[in-house]
Amino acid sequence: MGPILLKLTQYLKEVVKSEFDVDLAESVLWEPSAKLEFGDLSATIALKLAKQLEKSPVDIAEIIKSALEEKIKDVADDIRIVKPGFINIFLSSRILSGMLDEFLKSGRDFFKGKDGRKVLIEYVSANPTGPLSVAHGRQAVVGDAIASVLEFCGDKVTREYYLNDAGTQLTIFTESVKAWVIHLRTGNQLVLPDGGYKGEYLRDVAQAAIDENIAEDDITSFSVQKMVDVIKASCGALGLKDFDIWFSQQKLIDDGHVEGAISFLKDKGLIYEDTDAVWFKSTDFGDDKDRVIRKADGDLTYFASDIAYHKDKLDRGYDFLIDLWGPDHHGYIARVQSAIKAMGYPDEMLKVIIIQLVTLKTKERMSKRAGKMILVSELVDDVGKDAARFYYLSRRNSSHLEFDVDLAKEASVNNPLYYVQYVCARISSIMRKAEWSDNAYDFSVFTDDDKFLLRNLFQFYFALQKAYSTCEPVFIIEYLKSLAAVFHKFYECNRVLEGDLHLMRARLVLLRAVYMLMSCGLGVLGISVVDEM
RNA sequence: GCGCCUGUAGCUCAUCUGGAUAGAGCAUCUGCCUUCUAAGCAGAGGGUAGCAGGUUCAAGUCCUGCCAGGCGCGCCA
């Protein structure tokens with residue numbers, strides 16, 4: 001689809017130039033039609049030129065159409081002008097069959113872009129002080145899916161988890177574990193430190209520390225490792241690909257990178273002292289106030305680490321950085337962006353994606369419970385990996401997600417996951433009964449229904465592009481749902497294993513392509529393909 | 001007070017960065033299995049897109065002002 005799009009854009013530019021002497025800058029002038037009834041591709045250029053040319057859009061469209069017709073008769077079966085001035089193209093059978101052949105041959109590589117970027121995506125990064133909540137789960141699944149989408153499209157992606165194994169929170173956490181150790185050893189009443197962690201999971205950590213005879217000095221690293229194990233287990237249960245790098249904040253500090261980053265900024269004259277604290281002039285780069293990086297008591301702030309962390313990411317030579325954060329950190333974006341700019345990089349190099357909150361809804365308790373209280377591990381036990389992923393991915397990143405646990409659990413009509421997976425199950429069933437499994441077919445026997453299904457297949461390109469450029473996996477979910485609808489309707493109206501032999505064989509090939517495409521779509525989202533339901 | 005997010009059918013959400021008749025699922029109602037899996041299909045009802053202005057050929061989408069909800073505004077992390 002990509003090459004055709006570029007070719008058609010080139011033709012359209014030439015026509016507009018020769019007919020109206022107007023130069024167009026846009027890189028792509030065609031978009032997917034709102035509905036396939038309108039054709040495969042649409043251009044709104046006539047509408048946009050109407051004012052400038054002082055002509056009616058339809059007249060302009062007609063002129064373009066007649067000039068274009070000659071050039072693209074190979075590509076398009078039909079060009080139609082519709083009401084306000086849309087120019088709609090119906091791709092030719094030659095193009096469609098060519099794309100089908102190529103897709104059958106190359107599979108997922110059919111959609112792969114050429115020159116990928118080197119991308120670092122950081123997500124989850126929950127403090128190693130407790131298990132993952134369902135809110136973390138959303139960040140985990142969305143981050144994993146975005147990474148896969150980028151890879152699918154040809155980027156070289158590194159998945160990273162920033163481990164906050166330093167600082168105040170961790171000290172409190174360690175103290176809490178120690179309190180549990182004393183409690184378990186002596187039987188005395190549990191005395192947690194101020195603001196200490198209350199979760200029962202600390203009992204297990206403390207018990208393990210006792211069992212393994214961990215020295216008091218090693219409690220911190222031991223406890224962090226225990227929590228990392230718990231977090232890794234949850235990520236695994238959600239079907240996440242492994243993180244390439246677990247980046248330790250403590251190591252960043254120990255290796256002197258934080259001090260290094262500060263002196264780097266100091267050399268640029270962006271550091272000053274005031275009221276015994278050290279400040280970074282972030283206002284020079286768009287922040288609304290300067291930020292402290294070293295407190296009056298001499299300790300570094302979290303922001304100081306973050307400056308160093310992002311400097312380190314940039315120094316590692318990535319083309320593009322992505323951070324996934326919770327909504328409670330949105331006020332932090334300007335601060336980090338200012339640091340990026342201060343270090344001499346354009347702020348477009350860092351994309352911060354805010355993943356909105358998750359609330360849970362269950363039948364027995366219709367009141368919305370705070371998602372923070374419920375653990376990922378409980379959720380996955382409840383609804384399974386695929387349903388969890390499907391639901392997590394079925395909203396835009398910026399939308400609040402209400403997770404209907406009962407619906408996700410329900411193995412019935414109601415569950416959109418099954419609606420999509422059912423496509424593969426139905427096709428698999430046909431394939432098991434079919435007598436042919438080769439890819440030989442005659443394109444000319446296809447009916448309009450077949451072609452409609454096929455044309456829908458190639459719309460995946462646009463969903464993928466959208467998901468890629470916006471980092472919104474939901475576009476793929478939406479596409480898969482719509483493809484499923486088209487398939488189910490096709491299935492009801494057309495019997496595959498009956499009638500004309502040539503048509504039957506062609507349809508088996510078509511359905512194989514549908515199955516492959518569903519595998520691509522579900523696969524990139526980390527959701528299982530099901531052959532039997 | 002300032003900043004960010006959200007407001008679309010009874011409910012949960014889409015609407016491809018300004019386009020075509022605002023679409024799905026759930027819930028309600030009506031049909032369709034001696035035929036490749038009915039976890040499906042066909043159809044009905046359900047809408048002043050929070051409200052009010054503005055920008056233009058075109059606004060759910062962009063701008064302004066209100067209203068409502070969520071979150072954030074530390075020498076916390």
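All chains are named by letter (A, B, ...) in the order of the sequence lines, taking the proteins before the strands, and each is independently numbered beginning at 1.
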Heavy atoms of A/Ala46 and A/Pro57 approach each other most closely as CB-O, 3.4 Å
Less than 4.0 angstrom between a side-chain N/O of [X] and OP1 or OP2 of [N], yes or no?
X: A/Tyr419; N: B/C41; value: yes
X: A/Lys466; N: B/U17; value: no
X: A/Lys489; N: B/A38; value: no
X: A/Lys51; N: B/C57; value: yes

Heavy atoms from other residues, nucleotides or ligands near [atom1] of [X] exceed 12 (cutoff 6.0 Å):
X: A/Lys281; atom1: NZ; answer: no
X: A/Asp448; atom1: CG; answer: no
X: A/Lys341; atom1: NZ; answer: yes

Could you check whether [X] gets within reach of a base, just the sugar-phosphate, or nothing at all, counting any heavy atom under 4.0 Å?
X: A/Asp531; answer: base
X: A/Asn397; answer: nothing
X: A/Arg291; answer: nothing
X: A/Tyr332; answer: base
X: A/Gln465; answer: nothing
X: A/Ala126; answer: nothing
X: A/Arg495; answer: base

With A/Ser394 via side-chain contact (heavy atoms from CB on, under 4.5 Å) - residues at least two apart: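 With neighbours one apart ignored, the set is A/Ile477.
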A/Met516: partners by side-chain contact (heavy atoms from CB on, under 4.5 Å), with sequence neighbours left out: A/Phe103, A/Leu104
Write down the protein N/O and nucleotide N/O pairs, taken from nucleotides 3-6 of chain B, whose separation is under 3.5 Å; answer none if there are no such pairs.
| residue | atom | partner | partner atom | Å |
| --- | --- | --- | --- | --- |
| B/G3 | N2 | A/His330 | NE2 | 2.3 |
| B/C5 | O2' | A/Gln356 | NE2 | 3.4 |
| B/C5 | O2' | A/Ser398 | O | 3.1 |
| B/U6 | OP1 | A/Ser398 | OG | 3.4 |

Quick check, are the ring centers of A/Phe38 and A/Phe86 under 6.0 angstrom apart? no
Contacting residues from residues 304-312 of chain A, given that a heavy atom lies under 4.0 angstrom of RNA chain B: none
Regarding [X] and [Y], is there a side-chain donor-to-acceptor distance under 3.5 Å anywhere?
X: A/Gln169; Y: A/Thr129; answer: no
X: A/Ser338; Y: A/Asp287; answer: no
X: A/Thr470; Y: A/Lys466; answer: no

Under 3.5 Å donor-acceptor pair, A/Ser394 side-chain atoms to B/A14 base atoms: no
Could one point to a donor on the side chain of A/Ser56 or the base of B/C57 with an acceptor on the other under 3.5 Å away? no
B/C33: syn or anti, per glycosidic angle within 90° of 0: syn
For B/U12, does the O4'-C1'-N9-C4 (purine) or O4'-C1'-N1-C2 (pyrimidine) torsion place it in syn, i.e. within 90° of 0, or in anti?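 B/U12: anti glycosidic orientation.
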Pairing string, 5' to 3', for RNA chain B - Watson-Crick or wobble contacts under 3.5 Å, brackets [ ] where pairs cross, | to another strand: (((((((..((((.....[...)))).(((((.......))))).....(((((..]....))))))))))))....
Show the atom names and distances, to 0.1 Å, of all donor-acceptor pairs under 3.5 Å that link a side chain in residues 483-491 of chain A to residues at least two apart or in another chain.
| residue | atom | partner | partner atom | Å |
| --- | --- | --- | --- | --- |
| A/His488 | ND1 | A/Arg426 | NH1 | 3.0 |
| A/His488 | NE2 | A/Tyr419 | O | 3.0 |

